[in-house]
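Okay, structure first, notes after.
Order of the sequence lines sets the chain letters (A, B, ...), proteins ahead of strands, with each chain counted from 1.
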4 protein chains.
Amino acid sequence: MTGEQARGRPRSEEARRAILNAALEIAAEEGYSALTIEGIAARAGVGKQTIYRWWPTKADVLLDAGAAKAELRVPLGDHGSYAADLRAFLTASYKMANDAALSDLLRALMAEAQLNPVFGERFRRDFLERRRDALGVIVDRARQRGDLPSRPARGVVLDLVFGTIWYRVLATRRRLDKALVDDLVAVLTDGA
Amino acid sequence: MTGEQARGRPRSEEARRAILNAALEIAAEEGYSALTIEGIAARAGVGKQTIYRWWPTKADVLLDAGAAKAELRVPLGDHGSYAADLRAFLTASYKMANDAALSDLLRALMAEAQLNPVFGERFRRDFLERRRDALGVIVDRARQRGDLPSRPARGVVLDLVFGTIWYRVLATRRRLDKALVDDLVAVLTDGA
Amino acid sequence: MTGEQARGRPRSEEARRAILNAALEIAAEEGYSALTIEGIAARAGVGKQTIYRWWPTKADVLLDAGAAKAELRVPLGDHGSYAADLRAFLTASYKMANDAALSDLLRALMAEAQLNPVFGERFRRDFLERRRDALGVIVDRARQRGDLPSRPARGVVLDLVFGTIWYRVLATRRRLDKALVDDLVAVLTDGA
Amino acid sequence: MTGEQARGRPRSEEARRAILNAALEIAAEEGYSALTIEGIAARAGVGKQTIYRWWPTKADVLLDAGAAKAELRVPLGDHGSYAADLRAFLTASYKMANDAALSDLLRALMAEAQLNPVFGERFRRDFLERRRDALGVIVDRARQRGDLPSRPARGVVLDLVFGTIWYRVLATRRRLDKALVDDLVAVLTDGA
DNA sequence: GTGTAATCGAGACGGTACGTCTCGTCTTCTC
DNA sequence: GAGAAGACGAGACGTACCGTCTCGATTACAC
């Protein structure tokens with residue numbers, strides 16, 4: 001019996017969309033730190049309570065709003081070799097990271113994850129771990145192919161790839177480019 | 001004679017110390033997001049204006065407070081080889097990263113750097129770049145020794161090392177350990 | 001049906017009363033210059049915003065708080081002659097002026113009216129003019145009776161009566177007494 | 001022997017003048033409530049301490065600054081009769097009261113006198129009582145001449161005259177004019 | 001001339017209140 | 001029962017002034 005019989009007025013899909021759009025717009029136009037629940041409610045033409053009823057923090061609204069857009073852009077198709085798979089993954093990733101709106105969003109979410117431990121946990125589980133799993137598929141496939149160098153360990157590969165990307169996004173603010181991809185692939189595949 | 005002639009009552013060194021200590025204490029006890037200028041002022045027994053006079057944001061107070069402690073813990077002595085230098089640097093770094101109070105501080109500052117672009121610029125210049133320069137010394141020394149693999153490029157080495165460390169601190173929250181150091185050294189020195 | 005349909009949570013009558021009481025209490029206990037919006041909010045157990053939402057300045061809070069008490073104490077009943085009406089009005093007025101709490105309130109409001117022109121306009125319209133109108137009724141009735149001396153002009157009677165009372169309250173701080181009432185009545189009725 | 005032998009650097013007459021001028025200028029340009037000790041010091045090019053050393057409050061600075069100007073404008077010459085003396089006094093007074101800058105100053109000082117009891121006492125003693133004494137001379141002279149009506153009592157004459165003037169200045173903000181003077185003289189001299 | 005002492009401009013100090021902003025909750029009527 | 005509206009208690013923000021303090025520099029008189 002899945003069906004708890006819904007009673008009363010059903011949730012408004014229109015309000016939901018208006019909230020997510022408003023959040024993305026404000027974040028894009030004025031920056032994440034200018035984003036407030038009050039502002040979202042005002043722009044969406046929605047009561048504050050409607051937001052609080054469905055999302056615990058403004059970061060969750062944003063995470064929800066950004067989910068569809070960022071999801072599934074990463075190709076996991078088999079390109080025949082570890083190096084080729086890696087290259088495809090990295091290239092797709094750096095296109096995301098070089099999208100200013102998207103990287104601003106990610107930086108804000110990562111920041112919020114540090115400041116709010118409860119959101120941090122959700123962010124890690126719902127976003128970061130999924131990304132790790134995606135790259136993990138590539139690594140596991142390489143291992144099965146016998147394509148994977150003995151070092152570094154599987155976990156370290158993930159740390160190293162995502163660490164480098166995130167560090168450029170958060171710290172140096174330099175664009176990710178083909179040279180970086182080449183170096184990372186070389187390093188992880190024994191310079192083949 | 002650099003000396004701008006000081007006019008008026010000189011800055012109180014006592015107040016400065018009280019402010020930095022109070023900030024560190026509150027951040028340690030209650031977390032960065034519970035840190036407020038009002039709280040610092042109250043605990044330090046100081047007027048709020050005295051804080052605003054010398055620091056633009058609470059993050060700058062913390063950066064200043066943490067500066068002395070975090071500085072110079074990194075050994076740049078010559079250990080005879082690139083691998084040995086790297087290992088020493090990484091070992092020292094992960095001891096810092098595994099210090100809970102210190103890593104909490106760093107996570108908060110990195111978060112704030114994302115939310116406040118002006119502080120971000122200061123954080124990058126006054127902290128992150130200095131750390132890069134330190135590791136840069138090791139890489140440059142290796143190049144002179146003829147010890148440095150052709151790949152990855154100097155800049156990528158820095159991104160990769162700091163990226164991995166920061167990612168563990170910010171994203172996976174897993175301790176840095178000897179296995180990680182070993183893998184990083186292996187990867188960067190052609191698995192020697 | 002005047003009724004603008006009220007939307008949202010209605011104004012809290014309880015908060016309103018708590019604010020007015022707190023303001024009067026603080027003014028009475030510590031004096032008008034020790035009265036602050038923060039203090040009122042704290043004593044009333046109310047957010048500052050709730051005060052700012054409904055009153056522009058602390059003087060307006062006090063004016064509102066004092067309104068009910070000061071109102072209607074002035075008898076306008078017909079005592080048969082101009083002299084008798086005047087005497088009744090003056091006697092009632094000086095009882096008000098000799099009430100320490102009330103005269104402190106009036107002095108503070110008159111002072112604030114000088115310092116803040118916008119409040120001054122409100123004070124004049126909502127308090128001073130109403131008082132003038134009350135005495136005006138007595139003067140007009142005397143004129144209809146044929147009881148009114150040709151001099152002074154109607155407006156000057158009001159200036160003279162209220163001027164004398166206010167001057168004692170503001171400047172000499174001497175109590176108003178029966179002798180003053182007798183002299184004023186004599187002067188205004190041709191010493192009858 | 002008045003002469004305490006002055007030791008140390010003597011008081012700067014230049015600073016004193018600069019302070020009084022600055023106070024009058026700011027009060028005239030921005031209004032009394034925008035007048036601050038900091039503002040006076042800044043405009044006068046003077047340290048705040050120099051103001052606090054010589055005047056207890058900003059109202060005292062203003063009282064001092066206005067003293068010379070307001071003083072002695074009131075003629076006490078003998079015009080031969082009580083009515084003529086009164087008329088001369090009132091005419092001079094209403095010219096003062098109709099001077100906008102001067103009446104703004106007086107309103108501010110009277111307001112401050114209500115809010116700050118210590119200044120109030122000084123204001124009463126140093127300004128209001130002197131004005132009463134001046135008019136008192138006229139009344140006393142009338143009594144000696146046998147010119148004075150039996151009513152109202154001497155004190156009430158003063159209350160009534162100054163009360164009416166102050167009330168117009170503080171409350172109705174209407175200009176004082178010849179008609180008022182005529183009515184007051186008539187009322188106080190038995191309509192002679 | 002060489003103290004000694006009080007003044008001066010400057011500006012930092014510990015405080016307090018300001019008026020605003022946003023939080024997350026609540027209370028109403030409407031759909 | 002969900003939603004829009006908007007008032008509520010709470011509390012931090014950054015600013016403005018308060019009145020005090022601590023500097024170095026200046027200016028008088030006393031020795």
Can you tell me how far [atom2] of [N] sits from [atom1] of [X], to the nearest Å?
X: A:Ile51; N: F:dA4; atom1: CD1; atom2: C1'; result: 12 Å
X: D:Leu35; N: F:dC18; atom1: CG; atom2: C1'; result: 14 Å
X: B:Trp55; N: F:dG14; atom1: CH2; atom2: P; result: 15 Å
X: D:Ile26; N: F:dC17; atom1: CD1; atom2: C1'; result: 13 Å
X: D:Glu14; N: F:dA28; atom1: CD; atom2: P; result: 12 Å

About how many Å separate [atom2] of [Y] and [atom1] of [X], when rounded to the nearest 0.5 Å?
X: B:Trp55; Y: B:Ile37; atom1: CH2; atom2: CD1; result: 9.5 Å
X: C:Asp126; Y: C:Asp60; atom1: CG; atom2: CG; result: 8.5 Å
X: D:Leu170; Y: C:Leu170; atom1: CG; atom2: CG; result: 6.5 Å

Heavy-atom donor-acceptor pair, C:Glu30 side chain to C:Leu35 backbone, under 3.5 Å: no

Distance-only, no hydrogens or angles: does the A:Gln114 side chain make a donor-acceptor pair with backbone N or O of A:Met110 under 3.5 Å? yes

Stacked cation flag C:Arg16 on C:Trp54, 6.0 angstrom / 45 deg: no

For the residue pair B:Tyr32 / B:Glu112, report whether a side-chain donor-acceptor contact shorter than 3.5 Å exists. yes

Sorted by position of nearest nucleotide on DNA chain F, 5' first, the leading residue of B:Thr36 and D:Ile37 is B:Thr36

Which pairs of donor and acceptor atoms, one on a side chain in residues 38-51 of chain B, lie under 3.5 Å apart (sequence neighbours left out)?
unit_1: B:Glu38; atom_1: OE2; unit_2: B:Lys48; atom_2: NZ; d: 2.7
unit_1: B:Arg43; atom_1: NH1; unit_2: B:Glu25; atom_2: OE1; d: 2.8
unit_1: B:Arg43; atom_1: NH1; unit_2: B:Glu29; atom_2: OE2; d: 3.3
unit_1: B:Arg43; atom_1: NH2; unit_2: B:Glu29; atom_2: OE1; d: 2.9

To the nearest 10 degrees, the angle between the two end axes of the helix from E:dG1-F:dC31 to E:dC31-F:dG1 (five pairs per end) comes to 10°

For a quick check, with a 4.0 angstrom heavy-atom cut-off, what is the B/S/- contact string for nucleotides 9-15 of chain E, read 5' to 3'? SBBBBBB

